[in-house]
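The structure appears below as structure tokens.
Predicted, not measured: the structure shown is a model, and the values here were computed from it. All values below were derived from every heavy atom in this structure, side-chain atoms included, with hydrogens, water molecules and symmetry-related copies excluded. Just so you know, ligand 1 is whichever comes first in the structure, and atom 1 is the first atom listed for that ligand.
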Amino acid sequence: MKVILALFSVFLVGRCAEPDPELKIEVVFKPEECERKTVEKDMLTMHYTGTLEDGKEFDSSYKRNQPFSFQIGVGHVIKGWEQGLLDMCIGEKRKLIIPPHLGYGEAGAGDVIPAGATLYFETELLEIGDAPPMQNIFKAIDSNDDQQLSREEVVDYIKKEMPADVSSGDQNPDIITEEIFQHEDKDHDGFISYEEFSGPKHDEL
Ligand SMILES: [Ca+2]
Ligand SMILES: [Ca+2]
């Protein structure tokens, strides 16, 4: 169930257009040439140094001599990074001051980031890569190609995608299908239309 629901919900994450007003973004260096700027779903390769309010460094990719790569806009990094590294040019350097609620919050992180910490990052964007291709899940499920998903089609898809040995208990394809329909079949007509479907449905190269 988690796999399927995760597929359906992956596009609901990180749609925040405007950065949080408490996030401070300072452009330290902007290259004159800028052919491409970061957008959500891009693969970013960065160098960064993170420090705490007292100046104590907690992490640095420079010191490891190994840049860090991640996909932006899919919930893989803290919100301060998700919001603070968009619309950025290759070679651009930014300083981010990230309030706790866009960082590790009141929980902190291990013994490195204390609870309620404001985070200071010096960042440098080295590379922008394309998002990994996303399968058109709608098309994959719609086996009779009538642009709507029936319960049977969803059940078949789940049976095909899930290993047989987990098709029991709450992993039962019928139960999962019911949950998906509760969530996705917004007009309750027994079919998930293309418009209703919240998962990946666009063909991408
Ligand atoms: Ca269909
Ligand atoms: Ca419907």
### Task
Using a cut-off of 3.0 Å, find all protein N, O or S atoms closer to the Ca ion (ligand 1) than that distance.
Asp142 OD1, Asn144 OD1, Asp146 OD1, Gln148 O, Glu153 OE1, Glu153 OE2
Find out whether [X] and [Y] are in side-chain contact, i.e. whether some heavy atom of one side chain is under 4.5 Å from a heavy atom of the other.
| X | Y | answer |
| --- | --- | --- |
| Thr177 | Ile180 | no |
| Leu86 | Met88 | no |
| Val77 | Glu82 | yes |
| Met46 | Ser61 | no |

Could you check which N/O/S atom of [X] is closest to the Ca ion (ligand 2)?
| X | value |
| --- | --- |
| Asp187 | OD1 |
| Asp189 | OD1 |
| Asp185 | OD1 |

### Message
I'd like to know whether CG of Asp111 has more than 12 heavy-atom contacts from other residues, nucleotides or ligands below 6.0 angstrom.
### Response
no
### Task
Would you please name every residue forming a side chain to side chain contact (heavy atoms under 4.5 Å, CB included) with Asp54, sequence neighbours left out?
Leu52, Lys56
#### Entry: Parallel, tilted or perpendicular: ring planes of Phe138 versus Tyr194, cut at 30 and 60 degrees
perpendicular
### N/O/S atom of Glu184 inside 3.0 Å of the Ca ion (ligand 2), strictly under
no
### Task
Kindly state whether the ring of Phe58 and the ring of Phe121 have centres lying under 6.0 angstrom apart.
yes
